[in-house]
Amino acid sequence: MRIPGFSAALRTVTKPLKSHPASAITKPAFPRLTPTRSSNLPITRTTLLKAAPIIPFMGSSFSSSAAQNKMSYPDQRSDDEWRAVLNPEQFRILREKGTERAGTGEYDAHYPAEGVYACAGCHTPLYTANQKFKSGCGWPAYFDSIPGAVTRHTDSSFGMERTEITCSNCGGHLGHVFKGEGYPTPTDERHCVNSVSLKFQEGGGQPKAKA
């Protein structure tokens, strides 16, 4: 059997390619997509905010803190003035909206017969002893507050929507309020509050300001 030479074999392989015009070979199977005019627009903060809930680490960058800090509270002390009367942990939680570790707070397992829990920053009474209940969540829990003492805000940090609670007098961060958890309380609400944000005073009096 005669084996064709290399040149003949090469002509056989390349012949189908030469039988088609170059445009038929290089033309893509799908039409090229031309960017629309809207795709050239810059990404706005509104667009990022809408995407934030599905990107948790980005969501934490767009919390309600900035908007709340601009709200007008009766007590308008500056950060430097707050640092002069608060210890570092109180400042972190009250003014920077931090959170204490669960089960470590002074008032978590604190159940007095009477008394008042006031804001640790401005000493405004917030909760009474008979509004406190045992929730087992690791933080002090109250089913209600003294009327007008606590303000609620929408908190969209960490890719979720919660209700933040702050002192109505100074804007100090207290924690969050949760509804419909099934606790046998008059309101079926749980004000989950940082112990550091509070100062207890027996007998319903107002705590003394820090010297």
Self-check item: Ser197 versus His173, side-chain donor and acceptor atoms under 3.5 Å
Solution: no
Quiz item: Residues two or more places apart in sequence or in another chain: which of them pass salt bridge (charged side-chain N to carboxylate O under 4.0 Å, His left out) with Asp108?
Solution: none
Practice problem: Check ring-ring contact (aromatic ring centres under 6.0 Å, His included) between Phe178 and all other residues, then give those that pass, not counting sequence neighbours. | Solution: none
Self-check item: Sub-4.5 Å side-chain heavy-atom contact between Ser157 and Arg162
Solution: yes
Quiz item: Under 4.5 Å between any side-chain heavy atoms of Cys192 and Trp139, yes or no?
Solution: yes
Quiz item: In terms of ring plane angle, is the pair His110 and Phe200 parallel, tilted or perpendicular, where the classes change at 30° and 60°?
Solution: perpendicular
Expected list for residues 142-151: side-chain donor-acceptor pairs under 3.5 angstrom, two or more places apart:
{"from": "Thr151", "atom 1": "OG1", "to": "Ser168", "atom 2": "OG", "distance (Å)": "2.6"}

Quiz prompt | Contacts of type side chain to side chain contact (heavy atoms under 4.5 Å, CB included), residue Pro74, not counting sequence neighbours | solution = Asn169
Self-check item: Partners passing salt bridge (charged side-chain N to carboxylate O under 4.0 Å, His left out) against Glu106 (at least two apart in sequence or in another chain)
Solution: none
Quiz prompt | Thr154 vs Thr163 side-chain heavy atoms within contact, under 4.5 Å | solution = no
Exercise. Write out all pairs satisfying salt bridge (charged side-chain N to carboxylate O under 4.0 Å, His left out) with one or both partners inside residues 78-90, taking only residues at least two apart or from two chains.
Key: Asp80-Arg83, Glu89-Arg92
Self-check item: Geometric cation-pi criterion, Lys132 with Tyr111: 6.0 Å, 45°
Solution: yes
Quiz prompt | ILVMFWY clustering at 4.5 Å (side-chain atoms), partners of Ile93 | solution = Val196
